[in-house]
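Heavy-atom basis, side chains included; hydrogens, waters and symmetry copies ignored.
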Amino acid sequence: MEKEIISWIYEAAEKIKTGLGSALKVDEKSDRTDLVTNVDKEVQNFLVEKINTYDPDAKILGEENGLDQTPIDEGRVFVIDPIDGTMNFVMQQENFCVMVAVYEDGIGQLGFIYDVMRDELFWGGARVGKVFYNRKEISVPKNKQLKQGLIGMNAALYRHNFHHAQDIGNKSMGIRILGCAGLEFIAMIKGTQIGYISMLSPWDYAAGKIMMDQLGMPSYGADQQSLTFRKRELFIGGTEAAVREIQAFNQENQ
């Protein structure tokens with residue numbers, strides 16, 4: 001299965017790069033900062049077609065084209081984000097990812113995050129028992145505390161100190177706001193950031209969570225509850241040491 005998915009991702013990436021030209025059409029969803037492009041929709045349709053051909057019984061949870069309400073806890077479910085970081089895609093033409101995840105009866109099996117313009121693929125999970133950067137196995141990142149590393153943040157959470165994000169960020173070496181959940185997960189998997197706090201939809205965190213689970217890096221939602229995979233929700237994850245500090249801080253400041 002992993003070989004097929006990787007081939008789909010590389011093919012999808014070529015479609016995305018082709019779409020960066022004059023044929024790119026940009027629309028607003030909820031407001032001027034919530035963008036969707038014709039390429040997002042076309043690439044999701046491409047991935048859906050590949051999945052349906054490969055496994056007609058599989059279900060699909062995705063951001064575009066009415067697939068955003070699929071439950072994840074029954075059967076095999078592919079979770080897809082055709083372009084994670086659409087604003088970056090439109091405005092910077094870099095710093096965006098293709099993400100695919102496979103869950104079976106609610107259990108994460110395989111996650112894939114592909115940084116298209118840097119040609120960097122991070123993938124793995126329980127099905128293969130490892131996490132890889134392209135073909136090289138990744139070691140478990142060092143278990144750093146907040147004061148020892150950088151933490152990824154959602155800009156609005158930090159600016160308004162929602163869920164004590166600003167206070168937590170101030171305990172770290174510094175915050176980073178990349179505008180792409182996939183890149184934030186890559187940074188944690190590589191060990192260049194020690195955590196991530198944001199408001200995310202299931203397709204934003206599904207692939208990254210699988211790889212974090214495989215590497216023993218905890219993640220959870222609001223009030224330290226499990227993520228629901230049903231709505232946009234708070235995501236907190238990182239090294240064990242950093243997450244333990246975040247939990248303790250939130251408990252002290254409820």
Side-chain angles (χ1 to χ4, degrees), residues 1-10 12 47 50-51 54-55 58-63 67-68 70-82 84-85 97-115 120-141 152 180-198 200-221 225-240 242-243:
M1 180 189 295
E2 52 271 22
K3 291 181 179 179
E4 286 82 2
I5 295 173
I6 290 171
S7 70
W8 304 342
I9 289 172
Y10 284 144
L47 291 171
K50 289 293 186 181
I51 293 166
Y54 176 78
D55 184 354
K59 301 173 184 176
I60 300 172
L61 173 60
E63 181 172 9
L67 295 175
D68 58 337
T70 305
I72 202 170
D73 51 0
E74 294 182 6
R76 179 178 290 168
V77 181
F78 286 78
V79 188
I80 56 178
D81 193 344
D84 177 56
C97 298
V98 177
M99 301 200 291
V100 178
V102 182
Y103 284 74
E104 294 184 0
D105 296 324
I107 306 299
Q109 299 297 323
L110 287 168
F112 304 80
I113 301 176
Y114 183 52
D115 183 338
E120 293 183 340
L121 176 66
F122 293 80
W123 67 280
R127 182 181 171 92
V128 293
K130 300 175 182 179
V131 175
F132 297 91
Y133 164 40
N134 292 333
R135 296 183 179 181
K136 181 181 179 181
E137 183 178 352
I138 290 178
S139 301
V140 176
C180 172
L183 294 181
E184 301 280 10
F185 280 105
I186 285 174
M188 287 189 288
I189 291 164
K190 288 166 56 178
T192 56
Q193 292 181 192
I194 46 84
Y196 183 35
I197 302 175
S198 188
L200 301 179
S201 297
W203 43 85
D204 296 320
Y205 62 71
K209 175 174 168 51
I210 290 173
M211 288 184 274
M212 288 182 68
D213 288 348
Q214 184 61 43
L215 295 171
M217 303 177 75
S219 60
Y220 59 90
Q225 301 299 312
S226 298
L227 294 157
T228 67
F229 289 86
R230 294 187 182 277
K231 59 183 179 180
R232 187 171 178 83
E233 59 189 318
L234 180 69
F235 174 95
I236 297 175
T239 65
E240 285 190 21
V243 168

Between Trp8 and Val100, is any pair of side-chain heavy atoms under 4.5 Å apart?
no
In chain order, what residues pass the side chain to side chain contact (heavy atoms under 4.5 Å, CB included) check against Val131, with sequence neighbours excluded?
Ile138, Ile189, Met211, Gln214, Leu215
Using the salt bridge (Lys or Arg N to Asp or Glu O under 4.0 Å) criterion, which residues pair with Glu120? Sequence neighbours excluded.
none
Using the test side-chain hydrogen bond (donor to acceptor under 3.5 Å, both in side chains), find all partners of Tyr103 that sit at least two apart in sequence or belong to another chain.
none
Listed by chain and number, what are the side chain to side chain contact (heavy atoms under 4.5 Å, CB included) partners of Thr239, not counting sequence neighbours?
Asn143, Ile194, Met217, Ala241, Ala242
Just how far is it from atom NZ of Lys50 to atom CG of Asp55, taken to the nearest 0.5 Å?
15.0 Å
What pair of heavy atoms forms the shortest contact from Gly182 to Met99, and how long is it?
CA-SD, 3.6 Å
On a heavy-atom basis, the closest approach of Gly85 and Cys180 is CA-CB, 4.2 Å
If the condition is side-chain hydrogen bond (donor to acceptor under 3.5 Å, both in side chains), which residues does Ser219 pass it with, not counting sequence neighbours?
Lys209
Measuring from atom CG of Leu121 to atom CD1 of Ile113, what distance do you get when rounded to the nearest 0.5 angstrom?
9.5 Å
Do you know the tightest heavy-atom contact between Val98 and Pro82?
CG2-O, 3.4 Å
Are side-chain heavy atoms of Tyr196 and Met188 found at a separation under 4.5 Å?
yes
What residues form a side chain to side chain contact (heavy atoms under 4.5 Å, CB included) with Ala12, not counting sequence neighbours?
Val43, Phe46, Leu47
Would you find a donor on one side and an acceptor on the other, under 3.5 Å apart, between the side chain of Asp84 and the backbone of Asp81?
no
Mind checking side chain to side chain contact (heavy atoms under 4.5 Å, CB included) for Val128 and listing every partner two or more places apart, or none if nothing turns up?
Glu2, Leu110, Trp123, Phe132
Would a distance-only check, ignoring hydrogens and angles, find a side-chain to backbone donor-acceptor pair under 3.5 Å from Asp68 to Gly62?
no
Quick one: CZ on Arg135 to CD1 on Ile6, what's the gap to the nearest 0.5 Å?
9.0 Å
For the student: nearest non-hydrogen atoms of Val243 and Gly237, plus distance
CG2-C, 3.7 Å
Taking the side chain as every heavy atom from C-beta outward, state whether Tyr205 and Phe185 have any pair of such atoms under 4.5 Å apart.
yes
I'd like to know whether the aromatic ring centres of Tyr10 and Tyr114 sit less than 6.0 Å apart in this structure.
yes
Taking the side chain as every heavy atom from C-beta outward, state whether Lys59 and Glu74 have any pair of such atoms under 4.5 Å apart.
yes
What pairs meet the salt bridge (Lys or Arg N to Asp or Glu O under 4.0 Å) rule with one or both residues in residues 99-108, with sequence neighbours excluded?
Arg76-Glu104
Do any pairs count as a salt bridge (Lys or Arg N to Asp or Glu O under 4.0 Å) and have a residue in residues 225-239, sequence neighbours left out, and if so which ones?
Asp73-Arg230
With the side chain counted from C-beta on, respond yes when Pro202 and Ile72 share a heavy-atom pair under 4.5 Å apart, and no when they do not.
no
Is the shortest heavy-atom distance from the side chain of Ile80 to the side chain of Ile51 under 4.5 Å?
yes
With side-chain hydrogen bond (donor to acceptor under 3.5 Å, both in side chains) as the rule and sequence neighbours excluded, what pairs involving residues 185-195 come up?
Glu184-Gln193
ring-ring contact (aromatic ring centres under 6.0 Å, His included) involving Phe122 - partner list, sequence neighbours excluded:
Tyr133
Who pairs with Glu4 by salt bridge (Lys or Arg N to Asp or Glu O under 4.0 Å), at least two apart in sequence or on another chain?
none
Measure the shortest side-chain to side-chain distance between Ile60 and Thr70 over non-hydrogen atoms and say whether it is less than 4.5 angstrom.
no
What distance separates Asp204 CG from Cys97 SG, expressed to the nearest 0.5 Å?
11.0 Å
Are Val102 and Ile210 packed together at the side-chain level, in the sense that at least one heavy-atom pair is separated by less than 4.5 angstrom?
no
